[in-house]
*Asks:* 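Have a look at this one before I ask anything.
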Amino acid sequence: MNIFVAKLSFNTDDEGLREAFEEFGSVDSAKVIMDNQTGRSKGFGFVEMENDDEALEAIQALNESELDGRTIVVKKAEPRGERSGGGGNRGGYGGGRRY
DNA sequence: ACTGAGCGC
């Protein structure tokens, strides 16, 4: 499951993000998006976890939690690619729904 | 102290 992490501390890097999520499950990959022109973090990143169940738990646990001194926001990642729609929503994404 | 709202190559 791809996970989107926002509001990261600019001190947080790929490893720090991975460390945060691995305590809840196996992380397949983790990456903090950096600005290629300045080399600084853009303040958000992505984590891919092997187990969806663990990913959901990690999202619930780490969302609005504190990492490296900043409160982060963890969500399901939107599919990379076209964001503007036009086309319509096919059954909707599984995300956003919370009970 | 730069920098705070958001989806990557």
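Quick caveat, the model's predicted, so the values are computed rather than measured. A note on names: the letters A, B, ... follow the listed sequences, proteins ahead of strands, and every chain is numbered from 1.
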*Asks:* What's the spacing between A:Asp28 CG and A:Glu22 CD if we round to 0.5 Å?
*Replies:* 10.0 Å
*Asks:* Quickly work out the A:Phe46 CZ to B:dC7 P distance and round it to whole Å.
*Replies:*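 Spelled out: CZ on A:Phe46 to P on B:dC7 is 8 Å.
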*Asks:* Rounded to whole angstroms, how far apart are CD on A:Glu48 and P on B:dC9?
*Replies:*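 Interatomic distance, CD of A:Glu48 to P of B:dC9: 15 Å.
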*Asks:* Who passes salt bridge (Lys or Arg N to Asp or Glu O under 4.0 Å) against A:Glu64, sequence neighbours left out?
*Replies:*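 None.
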*Asks:* Could you check how far CZ of A:Arg70 sits from C1' of B:dT3, rounded to whole Å?
*Replies:*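 Nearest whole value for this atom pair: 10 Å.
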*Asks:* Please give, in whole Å, the distance from B:dA5 C1' to A:Glu78 CD?
*Replies:*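 It is 13 Å, rounded to the nearest whole Å.
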*Asks:* Please report the distance, rounded to the nearest Å, between CZ in A:Arg40 and C1' in B:dT3.
*Replies:*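 Roughly 8 Å, once rounded to whole Å.
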*Asks:* How would you list, by chain and number, every residue that makes a side-chain hydrogen bond (donor to acceptor under 3.5 Å, both in side chains) with A:Asp52, sequence neighbours excluded?
*Replies:*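 Scan of A:Asp52 (side-chain hydrogen bond (donor to acceptor under 3.5 Å, both in side chains), adjacent residues dropped) gives none.
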*Asks:* Using atom NZ of A:Lys76 as one end and atom P of B:dG6 as the other, report the distance to the nearest whole Å.
*Replies:*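 Rounded to whole Å, this separation is 22 Å.
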*Asks:* Name every residue in residues 11-30 of chain A that has at least one heavy atom under 4.0 Å from any atom of DNA chain B, in order of residue number, or write none if there are no such residues.
*Replies:*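 Within residues 11-30 of chain A, no residue comes under 4.0 Å of DNA chain B.
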*Asks:* Sequence neighbours left out, what passes side-chain hydrogen bond (donor to acceptor under 3.5 Å, both in side chains) with A:Ser9? Give chain and number order.
*Replies:* A:Asp68
*Asks:* For A:Phe4 and B:dG8, give me the distance from atom CZ to atom P, rounded to whole Å.
*Replies:* 8 Å
*Asks:* Give a yes/no verdict on base stacking between B:dC7 and A:Phe44: centres under 5.5 Å, planes within less than 30° of parallel.
*Replies:* no
*Asks:* Considering residues, nucleotides and ligands other than A:Arg70, do more than 12 of their heavy atoms fall under 6.0 Å from its CZ?
*Replies:*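 It does not: A:Arg70 CZ has 12 such atoms or fewer within range.
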*Asks:* Identify which nucleotide among B:dG8, B:dG4, B:dG6 has an atom closest to any side-chain atom of A:Arg80, counting heavy atoms from C-beta outward.
*Replies:* B:dG8
*Asks:* Which ILVMFWY residues can you reach from A:Leu17 by hopping between side chains whose heavy atoms are under 4.5 Å apart?
*Replies:*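 A:Met1, A:Ile3, A:Val5, A:Leu8, A:Phe21, A:Phe24, A:Val27, A:Val32, A:Met34, A:Val47, A:Met49, A:Leu56, A:Ile59, A:Leu62, A:Leu67, A:Ile72, A:Val74, listed by chain and number.
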*Asks:* Please report, rounded to the nearest Å, how far the P atom of B:dC7 is from the CD1 atom of A:Ile59.
*Replies:* 17 Å
*Asks:* Using the ring pair (Phe, Tyr, Trp, His ring centres under 6.0 Å) rule, collect all pairs that involve residues 54-76 of chain A, keeping only residues at least two apart or in two chains.
*Replies:* none
*Asks:* Toward the 5' end of DNA chain B, which comes first, A:Val47 or A:Ser9, by nearest nucleotide?
*Replies:* A:Ser9
*Asks:* Both A:Asn2 and A:Lys7 contact DNA chain B. Taking the nearest nucleotide for each, which residue is further toward the 5' end?
*Replies:*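 Per heavy-atom nearest nucleotide, the more 5' residue is A:Lys7.
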*Asks:* Side-chain donor or acceptor of A:Lys75 under 3.5 Å from a matching atom on the base of B:dG6?
*Replies:* yes
